[in-house]
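See below for the structure under consideration.
Fair warning: this is a prediction, and the values are worked out from it, not measured in the lab. Residue numbers begin at 1 in each chain, while the letters A, B, ... track the order of the sequences.
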Protein chains: 2
Amino acid sequence: MEIKPQLCQVQDALSILGGKWKPMILLFLMLEGTMRYRDLKQALPGITPKMLTSQLRELEQEELISRKVYPQVPPKVEYSITAYGMTLRPILDAMHAWSVEHMARKAARVAQG
Amino acid sequence: MEIKPQLCQVQDALSILGGKWKPMILLFLMLEGTMRYRDLKQALPGITPKMLTSQLRELEQEELISRKVYPQVPPKVEYSITAYGMTLRPILDAMHAWSVEHMARKAARVAQG
DNA sequence: CGGTATCCGTGCAGATACTG
DNA sequence: CAGTATCTGCACGGATACCG
């Protein structure tokens, strides 16, 4: 059987979802449509402002999310998923489905050491 | 709209596919069924023996692949995907499909800097 | 409110050499 | 053939403090 080199392109998708918080950020924005900075910070327990900003900037640069600044005091910034970002949904759904399906197995492995 | 905490389980799938070479190893084994150590090494250009071994060991520990040793000289070791490993296929397929679909966009971004 | 700036530890991954 | 062993670096992520 011949292996098609194309198959190695899987790396591309992985590099985009690679950041520790990126999948969750994308998921939240997919579901909420729009969230402010502090909403995301609350939704992601334990994330530092530096990490949140860097992850958001990277996703924005990939054009997966968009950033809208309201020029007012106090500042207001809204993040939302783009149409392009939405194309990642099948991947996230597949990962989510798998994780839910196999949580029991993982729990058993942890229990037995 | 309510966010379901379950959705954050996406991290589990990601941690399993996280290694740099793991997705490709899994893909090759899914397609070939069985491969020897040196076949994998050849199939993964640039991988060092240390990395290949460590990635294989981790996948084996997760029971995603199985390792069969033939006690002979010179040694012969075969790796193959398990039924459990096969359950990851939808994720890898989704990632592959997305990557193929969006290679053009990536190429354009690289071209323009 | 929505970020920056700075410092720091660790873990992943590569290079190289050696072995049963 | 199928690995180990050892050394190395640097990107990733975290902690903390500060700013327009």
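- Straight-line distance from the CD1 atom of B:I25 to the P atom of D:dA2: 14 Å, rounded to whole Å.
- By the side chain to side chain contact (heavy atoms under 4.5 Å, CB included) test, A:S15 pairs with no residue at all, sequence neighbours left out.
- In the helix from C:dC1-D:dG20 to C:dG20-D:dC1, the rotation axis of the first five pairs and that of the last five pairs differ in direction by 60°, rounded to 10 degrees.
- Residues passing the side chain to side chain contact (heavy atoms under 4.5 Å, CB included) test with A:S54, sequence neighbours excluded: A:M51.
- Here B:D93 pairs with B:R89 under the side chain to side chain contact (heavy atoms under 4.5 Å, CB included) rule; sequence neighbours left out.
- The nearest whole Å value for the distance from the OH atom in A:Y70 to the P atom in C:dG3 is 13 Å.
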* Using a 4.0 Å heavy-atom cut-off, write out nucleotides 10-20 of chain D from 5' to 3' as B (base contacted by protein), S (sugar-phosphate only) or - (no contact). => ---BBB----B
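- Between A:D12 and B:S99 the shortest heavy-atom distance is CB-OG, 3.9 Å.
- With sequence neighbours excluded, the residues satisfying side-chain hydrogen bond (donor to acceptor under 3.5 Å, both in side chains) with A:S80 are A:S66.
- Counting to the nearest Å, the C1' atom of C:dC1 and the CZ atom of A:R67 are 12 Å from each other.
- The stretch residues 36-44 of chain A has no heavy atom under 4.0 angstrom from DNA chain D at all.
- Qualifying side chain to side chain contact (heavy atoms under 4.5 Å, CB included) partners for A:K76, counting only residues two or more places apart in sequence or in other chains: A:R36, A:Y70, A:Q72, A:E78.
- Between A:Y79 and C:dG3 there is a side-chain polar atom (N or O) within less than 4.0 angstrom of OP1 or OP2.
- Between A:Q11 atom CD and C:dA13 atom C1' there is a gap of 13 Å when expressed in whole angstrom units.
- A:E60 meets the salt bridge (Lys or Arg N to Asp or Glu O under 4.0 Å) test with A:R57; sequence neighbours excluded.
- Atom C1' of nucleotide D:dA2 and atom CD of B:Q72 are separated by 12 Å, given to the nearest angstrom.
- Pairs engaging residues 37-47 of chain B under the salt bridge (Lys or Arg N to Asp or Glu O under 4.0 Å) rule: none recorded [sequence neighbours left out].
- A close approach under 4.0 Å does occur between a side-chain nitrogen or oxygen of B:R57 and OP1 or OP2 of D:dT4.
- Looking at residues two or more places apart in sequence or on another chain, you find a salt bridge (Lys or Arg N to Asp or Glu O under 4.0 Å) between B:E58 and B:K22.
- The side-chain hydrogen bond (donor to acceptor under 3.5 Å, both in side chains) test applied to B:R67 returns B:Y79, not counting sequence neighbours.
- Put simply, CE on A:M30 and CE on A:M86 are 6.0 Å apart, with the number rounded to the nearest 0.5 Å.
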